[in-house]
Amino acid sequence: MTPKQKSRMRLVLLVLAGLGITSLLALNAFRSNLMYFLTPAEMVAGDYPEQGMYRLGGMVVEGSINRLENGITVEFDLTDYEQTITVRYTGILPDLFREGQGIVAHGRIENQLFTAEEVLAKHDESYMAPEVAEAMKNVDMSKAIPASATKIPAGTTL
Amino acid sequence: MNVLLKFYHRLGSPREFYEISGSLIPWFGTISLILILTGSYLGLVVAPADYQQGESYRIIYVHVPSAWLSMLIYTVLAVSAMIGLIWRMKMAYVVMICSAAPGAWFTLVALITGSLWGKPMWGTWWQWDARLTSELLLLFLYIGIIALYNSFYERHLAEKSAAILAVVGVINLPIIHYSVEWWNTLHQGSTVIRSDGPSMDVRMLWPLLIMAVGFNFYYGLILMLRARNQVLIQEARNSWVAELVVNKGQAS
């Protein structure tokens, strides 16, 4: 390499390093704004905007889905395995909505209830055939299912 | 190593590149066609349905290869931009600018197929979560590079400006990949590229990898076809291009 090429290379690397550090600091500063949803634990801790709507993400608690008398309003408990919040929603639920499913609800707290205007389903990153999933259910759960499919790292990925 | 280095230097000459790529094109075309057909058959017909999403997960065989390629092409584009900036290599800039449009297309395909997949599974076409937003930013980067390149009359100025934008945009690549780990997102985490191995049935994984390799060869094919045109335009005043044109004219 000629000295000129060397200095150009140094400049390019310097720019890259500077940009890297800058974006790291910027992303870190806006960390909470970049979160797509809050977890029930964060909400119970009072770490949520009091005005306006926000998203709440968690797992639908088994056996907690309760359809009200009008037929289209549902109430269910949402948990991150630390705290649980009851969600009320009127409308059509996504196909993947069911007990034990990760979902994201968009709404606000009204009278101790999280009233959602939109409910979205999250699915995990595991793909398997139905018969495999069925077989795994019958075996020892804790060993058979890949750790990633069941573990919930404290409030990060649901 | 020496052989590779020699090959690299040969590719650096527009004329050599034109000759070498001419003989590679049929190979890339055949390989990508075979792989994509095989992958489609295995993925759409042979692979089992998903326990959770049923048949609709099969859009993964287009969505994921496109999304991977959108990032791989940007890596190629940015590395050639750096080589161009540092070593002032003609062919590096050619590879850079000829990668931009295919990259933008694959990004668009990833976004559209993701949207089509999101509606039935998540219940929404679009959400401003970190993964979706950073991938959209990638599309804008590609478009920006193309626009910047075309906004200069003088080619060297165009190459340099586009290359600088390309290098700056590299920051977005780790953000796209790690967005699903750093933040809460609607998009699920990585299935294939993860430390504890792919969390996917092998019968589903193989077609996906075959499709991904097929898509890569297709990109290679498109890149070579575009780069050959670019070389001819840039070298139009050189004698070897004139000879080529004359010979072609006589042959037909």
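Each chain gets a letter, A, B and so on, in the order the sequences are listed, and its residues count up from 1.
The parts of B:Leu186 that come within reach of chain A are both its backbone and its side chain, each placing non-hydrogen atoms under 4.5 angstrom from that chain. Only the side chain of B:Ile175 comes within contact range of chain A, judged by heavy atoms closer than 4.5 Å. Heavy atoms of A:Pro94 lying under 4.5 Å from chain B belong exclusively to its side chain. Neither the backbone nor the side chain of B:Ser179 comes within less than 4.5 Å of any heavy atom in chain A.
Within the model, atoms NE2 of A:His123 and CE of B:Met121 stand 7.0 Å from one another, a figure rounded to the nearest 0.5 Å. The NZ atom of A:Lys4 sits 7.0 Å away from the CZ atom of B:Arg88 when rounded to the nearest 0.5 Å. Between atom NZ of residue A:Lys122 and atom CG of residue B:Asp129 there is a gap of 8.0 Å, rounded to the nearest 0.5 Å. For the atom pair CH2 (B:Trp87) and CD (A:Gln5), the distance works out to 7.0 Å, reported to the nearest 0.5 Å. For the atom pair CD of A:Glu125 and CE of B:Met200, the computed distance is 12.0 Å after rounding to the nearest 0.5 Å. A distance of 5.5 Å separates OG1 in B:Thr124 from CG in A:Leu120, rounded to the nearest 0.5 Å.
Around CZ of B:Phe152, the count of heavy atoms belonging to other residues, nucleotides or ligands within 6.0 Å exceeds 12. A:Ile92 CD1: 12 or fewer foreign heavy atoms inside a 6.0 Å radius.
Between chain B and the options A:Thr22, A:Leu19, A:Val15, heavy-atom pairs under 4.5 Å are most frequent for A:Leu19. Your options are B:Ala49, B:Ser190, B:Gly118, and the one with the most heavy-atom pairs under 4.5 Å with chain A is B:Ala49. For chain B, the option among A:Ser7, A:Gly20, A:Ala121 with the highest count of heavy-atom pairs below 4.5 Å is A:Ala121.
Each of B:Val192, B:Asp201, B:Asp50 was checked for a side chain to side chain contact (heavy atoms under 4.5 Å, CB included) with A:Tyr127, and the lone residue meeting it is B:Asp50. The only option from A:Arg10, A:Met9, A:Lys6 that meets the side chain to side chain contact (heavy atoms under 4.5 Å, CB included) definition with B:Ile86 turns out to be A:Met9.
Chain A is approached within less than 4.5 Å, heavy atom to heavy atom, by B:Val167, B:Val168 from residues 156-168 of chain B, ordered by number.
Here the closest heavy-atom approach between residue A:Asp124 and residue B:Tyr51 is recorded as OD2-OH, 3.2 Å. The heavy-atom pair separating A:Val12 from B:Met82 by the smallest distance is CG1-CG, 3.7 Å. Here the closest heavy-atom approach between residue B:Gln52 and residue A:Leu96 is recorded as O-CD2, 3.3 Å. Between B:Trp182 and A:Leu27, the shortest heavy-atom distance links the atoms CZ3-CD1, 4.4 Å.
The closest side-chain heavy-atom distance from A:Glu118 to B:Gln127 is below 4.5 Å.
At least one donor-acceptor pair closer than 3.5 Å links the side chain of B:Asn184 to the backbone N or O of A:Phe37.
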